[in-house]
Structures are given as structure tokens and as C-alpha cells.
Number of protein chains: 2
Amino acid sequence: MQMMSSQTKPEEGGVDFALCPRFEQTFSFLGKKWNGLIIDVLLQEGPQRFKDLAHKIPRCSDRVLVERLKELEYNGVIVRRTFPDNSLIEYELTQKGEEFKDIMAAVHAWSDKWYCPTEADQK
Amino acid sequence: MQMMSSQTKPEEGGVDFALCPRFEQTFSFLGKKWNGLIIDVLLQEGPQRFKDLAHKIPRCSDRVLVERLKELEYNGVIVRRTFPDNSLIEYELTQKGEEFKDIMAAVHAWSDKWYCPTEADQK
DNA sequence: CTGAATCAGGGTGGTACCGCGAAGCTTCGT
DNA sequence: ACGAAGCTTCGCGGTACCACCCTGATTCAG
């Protein structure tokens, strides 16, 4: 029973969706660069430390990764767990986050079916 | 057997996804403002004229709508059909576009379940 | 025939903001 | 003391989005 909406509040990077349906928010949220990737890694590989995420998404800088993680936490999609004893920090999906898996599956299916390599794939 | 990829080419508004998986492209594409909405309207109400789309998505300016429609056509998601006799122009989904419906359904389901109104909904 | 209205956009200009790199800072382990 | 992990602060460039105005084609009223 989260109080969160899907607006991306941290650093005030959000769009005014006052008259747009809910799912436009969701798309905008997932479409934000790296968000989909982060959620996908967490879905597939479980809770991750910051450096593991950074390592698995090498093209995303620390700066941006922190930003995204804070947004995701603010939106109730992930939680940041600290283990006080060994000072370990892990990010894991909440239930709200886990339930992205249907969307992920659908998007994966579509992408696998319709993606065609172009110039951008050469390098 | 389209030759199209999911990059948004018109006006060069795309991201370099060279090392990112396919579905990140898809998210970025759908997450682009108004794209999800446009596809959703076409899915639910069939082929539409420009003015009908503009009317159903009032907060999207003509300028941006034209842009989005061109991108969607470039990406093989919609087609722009002209009827020479009565000079009618309609936009309709291709098969590639129709098959977004699974994604749309999943996103709708998630959004309906997890969306909570906040300040942004007052106005 | 003339004028108005509708449709499908194009052109310009401006601002907010998104994504980013670089570098510093704090806490912890050893 | 030194390095790694996990951020934070500063500042930048590009561009996405929008408002406003304009065009050309077609249709409709009278």
C-alpha cells in the first residue's frame, strides 16, 4: 500500500501528466534512460550492490545511476537495504517492482520479434 | 519483413543504444512523450485522421503530433494512407504496431494496480 | 464567384531539463 | 594510511517540447 505515484520526483525531472492516462506515466517512467535496464537486471539477477549494477550497466555513469536509483526508490519500485553490521548496501525490487515482469516479458517478446540491426549496431 | 529498426530517426532525436539490449530501445521509443498515447488511441479506436488524433490528445501540440506520427511511420509502426478520390488522410497501425497490444495490456494492468493520485492530479 | 472555414501540416524561436563527465567527500575495512 | 564503495556537488551541451504564427489545399455557404 505505497503512497507513491509514478512521478519521478528527485531532481524534479518529471512531466506534467495531469490530463494523460496513468499508463503514459508508466511508459515515461520506464522509457527514461537506464530505468528499464536497471529493473531488468534486478528482475533477472536479484538484489544487487551499487557496484554490481554499475558493472552490469557500464555505459551508465555513477552519477546517473545514483539518480535513477533514488528515483526508483522514491517511486517505490526498489528499496535500498543497508545491513548495519557489515555495512553492505543492496538494492532490491519491491512487489511493485517485481510486477514489472509481465511488462518486461511483453517488451522482450516484441523486441525480439521486430528488432532489425542497422548502422547503429556496427560499432 | 520491415527494414526498419526502432531508432527514432526523423529530426535525429535518438539515443545511442549500441551496447544496450533491444528492449531498452523499445522502452525509449514508447516512453517518448505521446507515443504510447498515440498507439493506444489507434489500438482502441482504429484508423484516425490527423484532426481526430489531435482532438483526442489535446495537450499535444500539432507540431509535436506531426513529428511523432512521422517517427512512428519511419519506424514502421503506423502507415499514412491517403485516399486520392476524397482526399482523406488516415493513420493506421501496421502489424508491427498492432502487436504492441500485449505490451499495452501489461502496462495498463500495472498502472491500474499501482497508480496512486498525488498533488499532480488536483488541477 | 467570393469568402469563410476546415484540414494537414511547416517555420521560428525560446526555455526547461535530461543526461553526462569530472571531481570531491565520507565512511568503512585493513 | 590508503583504497574502495557509495554517493554528492558543480556545471555543461544538446534537444525535446511547446507557443505562436503561417501556408496550401479543399470544402462549404450564399
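The figures that follow rest on heavy atoms only: side chains count, while hydrogens, waters and symmetry mates do not. Within every chain, numbering begins at 1; the chains are lettered A, B, ... in the order of the sequence lines, protein sequences first and strands thereafter. This is a predicted model, so every value here is computed, not measured.
The distance between atom CG of L65(B) and atom P of dC20(D), rounded to the nearest whole Å, is 18 Å. Across the protein-nucleic acid pair, W34(A) atom CH2 and dG19(C) atom P stand 10 Å apart, rounded to whole Å. As rounded to whole Å, 18 Å separates atom C1' of dG29(C) from atom CZ of F83(A). For the pair K32(B) NZ and dC18(D) P, the interatomic distance rounds to 12 Å; values are reported in whole Å. Summarising the geometry, the separation between CD on E71(A) and C1' on dC7(D) is reported as 15 Å, rounded to the nearest angstrom. Rounded to whole angstrom, the span from the CZ atom of R59(A) across to the C1' atom of dG21(C) amounts to 14 Å. Remark: P of dT9(D) and CD of E67(A) are 12 Å apart, rounded to the nearest angstrom.
Exactly one residue among E98(A), Q44(A), M104(A) makes a side-chain contact (heavy atoms from CB on, under 4.5 Å) with I39(A). That residue is M104(A).
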Which side-chain N or O atoms in residues 76-84 of chain B pair as donor and acceptor under 3.5 Å with protein atoms at least two apart or in another chain?
unit_1: R80(B); atom_1: NE; unit_2: Y91(B); atom_2: OH; d: 3.4
unit_1: R81(B); atom_1: NE; unit_2: E92(B); atom_2: OE2; d: 3.4
unit_1: R81(B); atom_1: NH1; unit_2: E92(B); atom_2: OE2; d: 2.2

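Using a 4.0 Å cut-off between a side-chain N of Lys or Arg and a carboxylate O of Asp or Glu, E73(B) and K70(B) do not qualify as a salt bridge.
Between S61(A) and dC20(C) there is no side-chain polar atom (N or O) within less than 4.0 angstrom of OP1 or OP2.
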Polar atom pairs (N or O), protein with nucleotides 4-10 of chain C, under 3.5 Å:
unit_1: dC7(C); atom_1: OP1; unit_2: K51(B); atom_2: NZ; d: 3.4
unit_1: dC7(C); atom_1: O3'; unit_2: R49(B); atom_2: NH2; d: 3.1
unit_1: dA8(C); atom_1: OP1; unit_2: R49(B); atom_2: NE; d: 3.2
unit_1: dA8(C); atom_1: OP1; unit_2: R49(B); atom_2: NH2; d: 3.3
unit_1: dA8(C); atom_1: OP2; unit_2: K51(B); atom_2: N; d: 2.7
unit_1: dG9(C); atom_1: OP1; unit_2: R80(B); atom_2: NE; d: 3.4
unit_1: dG9(C); atom_1: OP1; unit_2: R80(B); atom_2: NH2; d: 3.0
unit_1: dG9(C); atom_1: OP2; unit_2: Y91(B); atom_2: OH; d: 2.2
unit_1: dG10(C); atom_1: OP2; unit_2: K70(B); atom_2: NZ; d: 3.3

